[in-house]
Protein chains: 2
Amino acid sequence: MSGKEIRRSMPLFPIGTVMQLTDLTARQIRYYEEHQLISPARTEGNRRLFSLIDIDRLLEIKDLLDQGVNMAGIKQLFMVKEQLTTMTEKQTEKAKPDLTNEQLRKLLRNELLHSGRLNRSSLRQGDISRFFH
Amino acid sequence: MSGKEIRRSMPLFPIGTVMQLTDLTARQIRYYEEHQLISPARTEGNRRLFSLIDIDRLLEIKDLLDQGVNMAGIKQLFMVKEQLTTMTEKQTEKAKPDLTNEQLRKLLRNELLHSGRLNRSSLRQGDISRFFH
DNA sequence: ATCTCATGTCAGGAAATCTAACATGGTTTT
DNA sequence: AAAACCATGTTAGATTTCCTGACATGAGAT
């Protein structure tokens with residue numbers, strides 16, 4: 001994991017700040033956590049602490065909800081996207097040509113298995129980090 | 001003010017987070033505020049909220065204290081530095097040659113007026129923003 | 001007409017922070 | 001050496017923020 005990623009995953013923000021930054025209510029944020037769309041860290045005293053990555057993700061959730069995707073759909077999307085990034089990374093360190101096809105197939109199979117009608121999602125990069133230079 | 005500066009001056013962090021980030025106690029942070037070395041924003045409920053700039057400044061204060069500079073000295077240093085930046089900015093938008101000398105004189109006069117023995121300060125750029133890409 | 005889903009709202013409790021005051025151990029100053 | 005000063009520790013009581021859990025609600029799906 002790069003230094004940059006470490007920094008972006010550092011839990012820094014209390015829920016109040018995140019509410020302002022994302023324009024979501026506490027209820028919404030907790031609800032998304034309940035449905036495992038985010039997993040903010042906790043302080044010793046059990047308060048949520050959010051990272052930049054968490055905040056990006058919340059913005060993405062907001063976007064997808066606006067587009068009519070429901071919790072389950074968003075969850076699937078995130079899983080697929082994560083797999084995709086994981087594979088892209090692996091691919092970066094190996095040869096491209098045939099792995100690509102394998103991976104594509106895997107991806108498609110995955111989508112088909114679990115109600116695979118999610119692909120018209122935006123895949124927009126929520127990006128709160130523009131808040132920092 | 002550039003967008004970047006706006007972002008860096010956005011009040012986001014509660015004192016607990018700042019304590020961890022700077023390795024200062026709450027007492028220390030409040031004491032520095034009492035002496036007007038920082039002016040964190042406040043929530044509606046009067047809780048302090050710190051910006052990246054505040055945090056940078058706290059790290060700088062820590063450095064200077066380690067080097068034996070006291071509150072008053074740090075305060076002077078910050079004033080001089082601010083004047084310097086202000087002038088540098090003004091200078092950027094105007095001609096350089098003769099203004100530079102005028103400004104230098106101003107700076108020196110300022111230093112001489114108020115116990116001008118502060119110049120061996122580090123002028124180190126405290127930089128918490130390395131925490132963000 | 002009922003059910004589900006995302007969200008609002010409220011209550012009671014716990015954690016984090018606030019201010020103010022007094023304590024303390026090094027440095028200066030007298 | 002005694003007194004004063006400075007940066008920080010510590011404690012107390014009050015206030016704010018956040019927590020979980022429960023119930024309420026309105027728009028869509030069934």
Side-chain angles (χ1 to χ4, degrees), chain A residues 11-51 54-55 57-78 114-115 117-118 121 126, chain B residues 11-51 54-55 57-78 115 117-118 121:
Chain A
L12 296 173
F13 308 96
I15 202 171
T17 297
V18 176
M19 288 170 65
Q20 294 189 183
L21 251 28
T22 60
D23 208 35
L24 292 167
T25 67
R27 181 67 166 93
Q28 288 174 302
I29 296 172
R30 294 191 193 114
Y31 185 68
Y32 305 151
E33 180 184 15
E34 199 177 324
H35 285 260
Q36 303 162 50
L37 300 184
I38 50 172
S39 316
R42 299 282 181 137
T43 66
E44 275 192 12
N46 199 37
R47 256 123 163 114
R48 272 167 264 255
L49 272 192
F50 299 79
S51 68
D54 289 326
I55 296 178
R57 203 171 247 241
L58 284 171
L59 290 175
E60 213 175 335
I61 292 171
K62 208 180 161 196
D63 250 40
L64 291 168
L65 280 172
D66 280 349
Q67 294 173 57
V69 183
N70 64 10
M71 296 291 106
I74 297 175
K75 199 168 174 183
Q76 291 302 316
L77 258 174
F78 282 173
H114 328 22
S115 66
R117 52 188 175 348
L118 304 169
S121 140
Chain B
L12 296 173
F13 308 96
I15 202 170
T17 298
V18 176
M19 289 170 64
Q20 293 190 183
L21 251 28
T22 61
D23 209 36
L24 292 166
T25 66
R27 182 67 167 94
Q28 288 174 301
I29 296 171
R30 295 192 193 112
Y31 185 69
Y32 304 152
E33 180 183 14
E34 197 178 325
H35 286 261
Q36 302 161 50
L37 300 184
I38 49 172
S39 316
R42 298 284 182 137
T43 67
E44 277 192 11
N46 198 38
R47 251 103 172 125
R48 273 167 264 255
L49 273 192
F50 299 78
S51 68
D54 289 327
I55 296 178
R57 202 170 248 242
L58 284 171
L59 291 176
E60 215 176 333
I61 292 169
K62 209 180 161 196
D63 249 40
L64 291 168
L65 280 172
D66 280 349
Q67 295 174 58
V69 183
N70 64 10
M71 296 291 107
I74 296 176
K75 199 169 174 182
Q76 291 301 317
L77 257 175
F78 281 173
S115 66
R117 52 189 174 349
L118 304 169
S121 140

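We use all heavy atoms of the structure for the numbers below, so side chains are in, but hydrogens, waters and symmetry mates are not. Below, chain A is the first sequence line, B the second, and so on; all start at residue 1.
- The CZ-C1' distance, from B/Phe13 to C/dA16, rounds to 17 Å in whole Å.
- Atom pair B/Ile61:CD1 and D/dA7:P shows a separation of 12 Å (rounding to whole Å applied).
- When side chains are defined from C-beta on, A/Arg57 counts as touching A/Phe78, because their heavy atoms get closer than 4.5 Å.
- Using a 4.0 Å cut-off, some side-chain N or O of B/Tyr32 falls inside it from OP1 or OP2 of D/dT8.
- In this structure, A/Gln28 and A/Ile61 have side chains that are not in contact, with every pair of non-hydrogen atoms separated by 4.5 Å or more.
- To the nearest angstrom, P of D/dT8 lies 11 Å from CD1 of B/Ile29.
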For nucleotides 26-30 of chain C, give me every protein contact, N/O to N/O, under 3.5 Å, one pair per line with atom names.
none

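- As rounded to whole Å, 12 Å separates atom C1' of C/dA6 from atom CG of A/Leu24.
- A donor-acceptor pair under 3.5 Å links the side-chain atoms of A/Asp54 to the main chain of A/Ser51, judged by distance alone.
- Every side chain to side chain contact (heavy atoms under 4.5 Å, CB included) that A/Glu33 has, sequence neighbours left out, goes to A/Ile38, A/Pro40, A/Arg42, A/Arg48.
- When the C1' atom of C/dT7 is taken as reference, atom NZ of A/Lys62 falls 14 Å away, rounded to whole Å.
- Between A/Leu24 and A/Val18 the shortest side-chain heavy-atom distance does not fall below 4.5 Å.
- Residues A/Met19 and A/Ile29 come closest through the heavy atom pair CG-CD1, 4.0 Å.
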Summarise how protein sits on nucleotides 17-30 of chain D as a single string, 5' to 3': B when a protein heavy atom is under 4.0 Å from the base, S for sugar-phosphate-only contact, - for no contact.
BBBB----------
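- Take A/Thr43 and apply the side chain to side chain donor-acceptor pair (under 3.5 Å) test, not counting sequence neighbours, and it matches no residue.
- The side chain of A/Tyr31 contributes no N or O atom lying less than 4.0 Å from OP1 or OP2 of C/dT7.
- Considering only heavy atoms from C-beta on, B/Lys75 comes within 4.5 Å of B/Gln36 through its side chain.
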